[in-house]
Colleague: 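Pasting a structure below so you can have a look.
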Amino acid sequence: MSPSSHAPGPRRPTDAFARQVVMVTGAAGGIGSAIARAFAAEGATVAAVDLVEAPLRELAATVPKLLPYTADLTDEAATATTVKAVELQLGPIAVCVHAAGVLTAAPVAKTTTAQWKDMFAVNTEATFHVGREVARAMIPRRRGVIITIASNAAHVPRVDLAAYAASKAAADMFTRCLGLELAASNIRCNVICPGSADTAMLRASGQEPADAVAGAPDRWRLGIPLGRVAHPTDVAAAVLFLASDQARHITMQRWIVDGGASLTC
Ligand SMILES: NC(=O)c1ccc[n+]([C@@H]2O[C@H](COP(=O)([O-])OP(=O)(O)OC[C@H]3O[C@@H](n4cnc5c(N)ncnc54)[C@H](O)[C@@H]3O)[C@@H](O)[C@H]2O)c1
């Protein structure tokens with residue numbers, strides 16, 4: 001098996017999300033763009049939100065019915081403006097997938113306060129900003145799905161990832177509490193926790209896919225039992241199911257998509 005994962009075979013398009021507006025944050029990134037493409041392939045109109053403009057425009061040029069929205073989601077006013085603009089221009093948001101995130105790996109003794117704050121600003125506070133604004137829009141309609149992309153590091157202690165893991169654990173619990181509050185409004189909220197996925201974030205953290213698969217006993221990393229890192233579309237496939245009506249009875253759940261790396265802790 002190759003440690004660097006190839007995309008699984010193409011899904012048969014189902015139009016399952018036809019006439020639905022799906023907002024995806026972090027849509028310029030590896031996992032977010034795979035999620036945005038997957039929803040577009042199923043007929044959705046996709047609002048692709050990210051901090052960086054150029055890759056969003058490239059995505060919009062190749063994916064029909066995908067509209068780019070540039071926003072810094074750590075800014076609550078910018079988040080509210082973006083959600084309002086999407087609803088005004090595209091229609092009511094049926095599904096929101098929040099995949100924007102940042103990671104700086106460092107031992108705690110060397111982690112700066114600025115790095116800690118940056119990870120909490122993007123990974124935690126932006127999750128609150130997005131969840132709150134989208135919830136405000138969805139509650140009167142009594143319909144919607146919110147999915148947060150957290151990380152398996154949110155549940156398993158990891159060397160050099162204390163700030164990242166803590167910020168993702170907060171995002172995970174926030175999303176599941178939101179699911180409890182919004183259940184009475186028929187809005188489902190779930191969390192997907194990827195393990196190592198082959199994207200710019202993984203490589204920037206200094207890990208090669210082969211290292212992630214092999215594990216590292218000196219760093220208490222077990223490796224990946226399925227023998228490969230995730231392709232971003234592996235994460236997108238889980239998101240699509242959770243967003244679909246097939247998952248209408250699933251809320252407040254955390255799904256770990258990591259090839260078994262965390263032994264389902
Ligand atoms: N790649 C992995 O191995 C892995 C593992 C577990 C979890 N994750 C999580 O999956 C999500 C996607 O990761 P990825 O691997 O695609 O990373 P990526 O770096 O390719 O994409 C992240 C995207 O988030 C955007 N972003 C960052 N700050 C933002 C802000 N303030 N406002 C709006 N957008 C912002 C970035 O511009 C980027 O396009 C992240 O939340 C990440 O923490 C990734």
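Remember, predicted model here, so these are calculated numbers, not experimental data. In listed order, ligands and their atoms are each counted from 1.
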Colleague: In the structure I gave you, are the side-chain heavy atoms of Ser151 and Tyr164 within less than 4.5 Å of one another anywhere?
Modeller: yes
Colleague: Tell me whether Ile149 reaches ligand 1 (any heavy atom closer than 4.0 angstrom to a ligand atom).
Modeller: yes
Colleague: Please state which protein non-hydrogen atom is closest to atom 38 (C) of ligand 1 and give its distance, to 0.1 Å?
Modeller: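 Going by distance alone, atom 38 (C) of ligand 1 is nearest to Asp50 OD2, 3.5 Å.
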Colleague: Between Asp211 and Arg221, is a salt bridge (charged side-chain N to carboxylate O under 4.0 Å, His left out) present by the stated rule, with each step listed?
Modeller: CA-CA 10 Å; Asp211 302 334; Arg221 274 209 329 262; over 6 Å; no
Colleague: So is Ser196 close enough to ligand 1, meaning a heavy atom under 4.0 angstrom away?
Modeller: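 Right, Ser196 reaches ligand 1.
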Colleague: Among protein heavy atoms, which lies nearest atom 6 (C) of ligand 1, and at what distance?
Modeller: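 Closest protein heavy atom to atom 6 (C) of ligand 1: Pro194 O, 3.2 Å.
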Colleague: Check for a donor-acceptor pair, side chain of Asn152 on one end and backbone N or O of Ser262 on the other, with a separation under 3.5 Å.
Modeller: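 No; zero donor-acceptor contacts below 3.5 Å.
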Colleague: Heavy-atom distances under 4.0 Å are what count here, so tell me which part of Val122 touches ligand 1: side chain, backbone, both or neither.
Modeller: side chain
Colleague: Taking distance alone, with N or O pairs closer than 3.5 Å, would you say Val52 contacts ligand 1?
Modeller: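 No: no nitrogen or oxygen of Val52 is under 3.5 Å from one in ligand 1.
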Colleague: Please check whether Gly30 reaches ligand 1 - meaning an N/O of the residue sits under 3.5 Å from an N/O of the ligand, judged on distance alone.
Modeller: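 Right, the criterion is met.
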Colleague: Answer yes or no for Lys168: is there a heavy-atom contact with ligand 1 below 4.0 Å?
Modeller: yes
Colleague: Judging by distance only, is a nitrogen or oxygen of Val102 under 3.5 angstrom from one on ligand 1?
Modeller: no
Colleague: Tell me whether Thr79 contacts the main-chain N or O of Leu73 through its side chain, where contact means a donor paired with an acceptor under 3.5 Å.
Modeller: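 Answer holds: yes.
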Colleague: Decide whether an N or O pair under 3.5 Å exists between Asn152 and ligand 1.
Modeller: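 No, no N or O pair falls under 3.5 Å.
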Colleague: Under 4.0 Å from ligand 1, counting heavy atoms only, is it the side chain of Ala121, its backbone, both or neither?
Modeller: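 Ala121 to ligand 1: no contact under 4.0 Å from either part.
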Colleague: Just by modelled atom types, is the Ala150 backbone N or O under 3.5 Å from a matching donor or acceptor in the Thr148 side chain?
Modeller: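 No; judged by distance alone, with no hydrogens or angles, the pair does not exist.
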Colleague: On a heavy-atom basis, I'd like to know which of Ser151, Ala150, Gly101, Ala99 is closest to atom 9 (C) of ligand 1.
Modeller: Ala150
Colleague: Do me a favour and list the nearest non-hydrogen protein atom to atom 32 (N) of ligand 1 with residue, atom name and distance?
Modeller: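 Answer for atom 32 (N) of ligand 1: Leu73 N, 3.1 Å.
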Colleague: What's the shortest heavy-atom distance between Val46 and Ala36, and which atoms?
Modeller: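 In terms of heavy atoms, the two residues are closest at CG2-O, 3.7 Å.
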Colleague: Could you tell me the residue and atom name of the protein heavy atom closest to atom 19 (O) of ligand 1, and the distance to it rounded to 0.1 Å?
Modeller: Met201 CB, 3.8 Å
Colleague: Using a 3.5 Å distance criterion without hydrogens, assess whether the side chain of Arg141 forms a donor-acceptor pair with backbone atoms of Ile93.
Modeller: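 At least one qualifying donor-acceptor pair exists.
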Colleague: Does ligand 1 have any atom that is closer than 4.0 Å to a heavy atom of Ala27?
Modeller: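 Checking ligand 1 against Ala27, which is what was asked, there is no heavy-atom contact under 4.0 Å.
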Colleague: What protein heavy atom is closest to atom 15 (O) of ligand 1, reported as residue, atom name and distance in Å?
Modeller: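 Among all protein heavy atoms, the one nearest atom 15 (O) of ligand 1 is Thr199 OG1, 2.5 Å.
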